[in-house]
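Right, one structure below, let's go through it.
Since we're looking at a predicted model, the values are computed, not measured.
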Amino acid sequence: MPEEADCPPAKRFRPGAGPPSRARPCPPGRRVVMLLNAGGSGGGRRQQPALAHPSTSPYPEAVEQQRRSLPIFQARGQLLAQLRNLDSAILIGETGSGKTTQIQYLYEGGIGRQAVIAVTQPRRVAAISLATRVSDEKRTELGKLVGYTVRFDDVTSDNTKIKFLTDGMLLREAISDSLLRKYSCVILDEAHERTIHTDVLFGVVKAAQRRRKELGKLPLKVIVMSATMDVDLFSQYFNGAPVLYLEGRQHPIQIFYTKQPQQDYLHAALVSVFQIHQEAPCSQDILVFLTGQEEIEAMSRTCRDIAKHLPDGCPSMLVLPLYASLPYAQQLRVFQGAPKGCRKVIIATNIAETSITITGIKYVVDTGMVKAKKYNPDSGLEVLAVQRVSKTQAWQRTGRAGREDSGVCYRLYTEDEFEKFDKMTVPEIQRCNLASVMLQLLAMRVPDVLTFDFMSKPSPEHIQAAIAQLELLGALDRKDDQLTLTPMGRKMAAFPLEPRFAKAILLSPTFHCTEEMLTIVSLLSVDSVLYSPPSRRDEVQSARKKFMASEGDHVTLLNIYRAFRNTGGNKDWCKENFVNSKNMMLVAEVRAQLRDICLKMSMPILSSRGDTERIRRCLAHSLFMNSAELQPDGSYATTDTHQPVAIHPSSALFHCKPACVVYTELLFTNKCYMRDLCVVDAEWLYEAAPDFFRRKMKAARN
DNA sequence: GAGCACTGC
């Protein structure tokens, strides 16, 4: 395809609007405080990335000097004066403002010393690296003054005053103490990402703040930190809390749009990469945003092929795919420098938008597309689909080109198209099943979950669907229109699991299969432990055959886990059997955690000793909402809504035609596929939820 | 008779 490289895409581009730091005006009509800016946006001054920096420095002076060089340092006095007297504040800081690590000023300034200052992060790695960095700056041992808490890892002590934790972790703490009594101050960082946990926390901290005031307890200070200027919603929600702006040190980025809409974004991306490759010095790396593994692998192969046949004098090219399910060792390759005279081209999913920061990127190629979950509240189904990014997301991608120096972003869409993008990504809370969220709120004894004060309210149908699901699982009690948890519901909330999986574990003693259900549920709650490189299909299939169970995928997975344990977690065994050892280790960790919770509840932990019927009965009693039956024509339809479904080709039951199955989830692609199936008796389903099936049969008859 | 974006407890 050499002719593609001959067509210079730059001719189709024209300069567009500047980077966000220039384009954003200050929102009017609110109490706004501009804090002093030290560096000036777009200044050529050297910037140290706040996160990606190694945590230990042999030179304390260097640490201190670097800390002083951050823009926030100059604003320190003003910032403290403001925060000291406020109950709530919104702190906006651009990338590089140093707002997260320097929140230690609060502590230094004597704010929140009465108790612990909590700083939440959407991701584990961020919580850990920030805690490490700040404790280093304070020259203390990690886990003493400064610590962190994430799942499976708690590095805090009684002396810990500044605690970094994942948003999900703080939410879990709120279940046992909804007033968050341990904390004097809660800082919700990266609020613009609007993770489901942060969104629930907005409501939880707001309620805790009000309630503590009413009870005359230690006030709770709430600080919402965000990278975007679009903060009206945040400020309004927290009763008109003032917005404090901190200017950052993002470097200028030149943006180009296409003149015409692109029908084929993959082709456009390919052309752009080679255009840049032929024109720019080879030390400048390229980051391309695509939507998924398949696309990325195909594009990587094409790039390598073309790069082989470029004219003399053209630098060579190192093409690196990057997506979450890529084995860890291969992910790490993106951080290594390319050999001399060679350009690094990273082809990534949106993992490179936030989770992974790569230094040295000069060029970003943004296709404007993303694969994301959409929720249909009518059908209650989640669909994974390729769609347009939001403006916020596009800016985030663009910003990846200006981390160390000025950069360039090629947007493979027109400026008009960009203007029509959604302003913000729809918050996760409006895109997924709310059963877990509702269970957690009920466990916190929120007075009325149906009218809970969400910042962006999910639709009433959406909330009702979750309530209905919890009711079917036996988690809810209705008394005089008041919803409360049953003892079963309360126990379910103790597990870090989807309610139906918690139910499966809690039911397992009845069926004498707790050992097995702990394993199965752990396997289902992490990413797939099976690794299937398409190029080695036959080998994969013959390796899998050994573990295949005629009862279905749950029992097959159980067989694989047992084999893994019998080899003592051997890595070579994993390789031979196409098992992802990293995920398998995680399964073992999850299982240990779940088992601990069972023991604390004094649950007997019994094994079915090879009797798979017990396991299948237990699954029928917890997954009855997801069941399907064989139709006379050989196809399948779901039991409740008679939706046509099919067995996923990856299933152990792909070539079988069982009369009745339960499944873990539906996956929409070309068809509606059931994933992770288990053969059950139709009678068991009826036993599990007679009312549910009676209602459904009645509805079907009418 | 096909194919899973990304987090997190």
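Checking each of A:Arg333, A:Gln331, A:Gln330 against A:Leu320 for a side-chain contact (heavy atoms from CB on, under 4.5 Å) leaves exactly one that passes, namely A:Arg333.
When heavy atoms are screened at a 4.0 angstrom cut-off, A:Glu665 is found touching base atoms of the nucleic acid. Using a 4.0 Å heavy-atom cutoff across all strands shown, A:Leu384 reaches at least one base atom of the nucleic acid. Within the nucleic acid shown, A:Leu171 has no heavy atom closer than 4.0 Å to any nucleic acid atom. Nucleic acid contact class of A:Gln593 (heavy atoms, under 4.0 Å, all strands): none. Residue contacts for A:Val150: at a heavy-atom cut-off of 4.0 Å it reaches the sugar-phosphate backbone alone, with no base atom in range. Residue A:Phe654 is in base contact, counting any heavy-atom pair closer than 4.0 Å across all strands shown.
A donor atom on one side chain and an acceptor atom on the other are found under 3.5 Å apart for A:Ser650 and A:His648. A side-chain donor-acceptor contact under 3.5 Å links A:Arg591 and A:Thr519.
Note: CD (A:Gln393) to P (B:dA5) measures 15 Å, nearest angstrom. Distance NZ (A:Lys374) to C1' (B:dC6): 17 Å, rounded to an integer number of Å.
Closest approach to the A:Glu294 side chain among B:dA5, B:dA2, B:dG3 is made by B:dG3 (side chain taken as heavy atoms from C-beta onward). Set against B:dG8, B:dA2, B:dC9, the side chain of A:Arg123 has B:dG8 as its closest nucleotide. The side chain of A:Arg151 lies closest to B:dC9, out of B:dC9, B:dA5, B:dT7.
Listed pair A:Thr166 / B:dC9 meets the phosphate criterion, a side-chain N or O lying under 4.0 Å from OP1 or OP2. Between B:dC6 and A:Thr349, a contact under 4.0 Å exists linking OP1 or OP2 to a side-chain N or O. Listed pair A:Arg124 / B:dC9 meets the phosphate criterion, a side-chain N or O lying under 4.0 Å from OP1 or OP2.
Checking side-chain atoms of A:Arg400 against main-chain N and O of A:Leu287 turns up no donor-acceptor pair under 3.5 Å. Of the possible polar contacts, one joining the A:Thr556 side chain to the A:Ala549 backbone as a donor-acceptor pair under 3.5 Å is found.
Taking 3.5 Å as the limit, the base of B:dG3 and the side chain of A:His648 contain no donor-acceptor pair of atoms between them.
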